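Just so it is clear, the model here is predicted, and its values are computed rather than measured. First listed ligand is number 1; within each ligand, the first listed atom is number 1.
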Amino acid sequence: MMSRRAALAGTAAMVLALAAAPALGEELKLPRQQVNLVAPPFVHPHEQATRQPPRILEFKLVIEEKEIVIDEAGTKLQAMTFNGSIPGPLMVVHEGDYVEVTLVNPDTNSMPHNIDFHSATGALGGGELTLINPGEQVVLRWKATRPGVFVYHCAPGGPMIPWHVVSGMSGAVMVLPRDGLKDGAGKALKYDRVYYIGENDFYIPRDAKGNFKSYTSSGEGYTDMVDVMRKLTPTHVVFNGKVGALTGKNAMQAKVGENVLIVHSQANRDSRPHLIGGHGDYVWETGKFANRPETDLETWFIRGGSAGAALYKFLQPGIYAYVTHNLIEAVELGATAHFKVEGNWNDDLMKQVTPPEPVAPAKLGALLKPANAAHVR
Ligand SMILES: [Cu+2]
């Protein structure tokens, strides 16, 4: 039983805690706003610049362990996800806002999970305070003090960390400056559309014949997958959880003249985004908006464990492939997305002067002769 003195000390501590409480009281006075998250590549509605004072933004992330198909051949992965999508949803707030996340691990799941926000400060990005078993939930609040795009991911400890991440548990947060994006010389930059692309490297085990294996649960496939992971050679590198998740009828849409912000995250491995036939007008390669964006880029670099942002105004209509410019990963392993852009073609920027045509035989002979025979010794 607690002694009277201990009880008094406890009461004193409580009084002290209450005396220190005004800070908490002030916090609670901040306006609150519930945000309904949407599945990538789409992003929930938000202001780009805001005149409102800092707020508490409430988000809910439900962890879902489930089987997904990751390519056209029907290859299966026992995935682990935030809100059922790979990547998890992009959460948008402004610098100075508070992010209040309710993380739910339903009892239909089989493993403990948590969340490490690269944008948050302390306690392993919140990972230390959010480890929950199936059937539990936890609420974490952190202050968004640094503007930029940042990865979040599950980090339940030891070998579980890379396994959960390469099984799908990552996403991103975008902390916008309160007065919006700037070009580095103080000029405001606005986007007409924003898309969030999360890149994933998958490591699917093969059977003796070389065919991809499937499992009835994550746990059943764990040992096999770790063997593949340790070779550091992914079997798939994909955008948004699946080969073709953002191509063809799933292409991201835009119109000529629109500024499109592309947020790209990779929680585990390096990547080199490249928009074929387009550019990065303004690129925050390391993703942090307090730094001046680079301009006119052809390819940019996403360090594993980070997110970057590129702003591009589409100037021509057509289908643009957005790839990682390791072209083997883009074409053979899956890391290709499409933008479908509508509008009018600009002949000044590009024109096919004559279409492909057969070369006349006489002309061909002339072409094959050394052009400047006199100079050939
Ligand atoms: Cu997890």
With sequence neighbours excluded, what pairs up with His46 under the side chain to side chain donor-acceptor pair (under 3.5 Å) test? Tyr191
Side chains of Pro147 and Leu176, heavy atoms from C-beta outward: is any pair under 4.5 Å? no
Distance filter under 2.8 Å, centred on the Cu ion (ligand 1) - protein N, O or S atoms that pass it: His113 ND1, Cys154 SG, His164 ND1, Met169 SD
May I ask you to check whether Phe82 and His153 place their ring centers less than 6.0 Å from one another? no
Are Phe150 and Tyr152 an aromatic pair by the rule of ring centers under 6.0 Å? no
Pairs in or reaching into residues 158-190: which pass ring-ring contact (aromatic ring centres under 6.0 Å, His included), with residues at least two apart or in two chains? His113-His164, Trp163-Tyr222
Side chains of residues 53-63: which donor-acceptor partners sit under 3.5 Å, not counting sequence neighbours?
residue : atom : partner : partner atom : Å
Arg55   : NH1  : Gln33   : OE1          : 2.1
Glu58   : OE2  : Arg32   : NH1          : 2.6

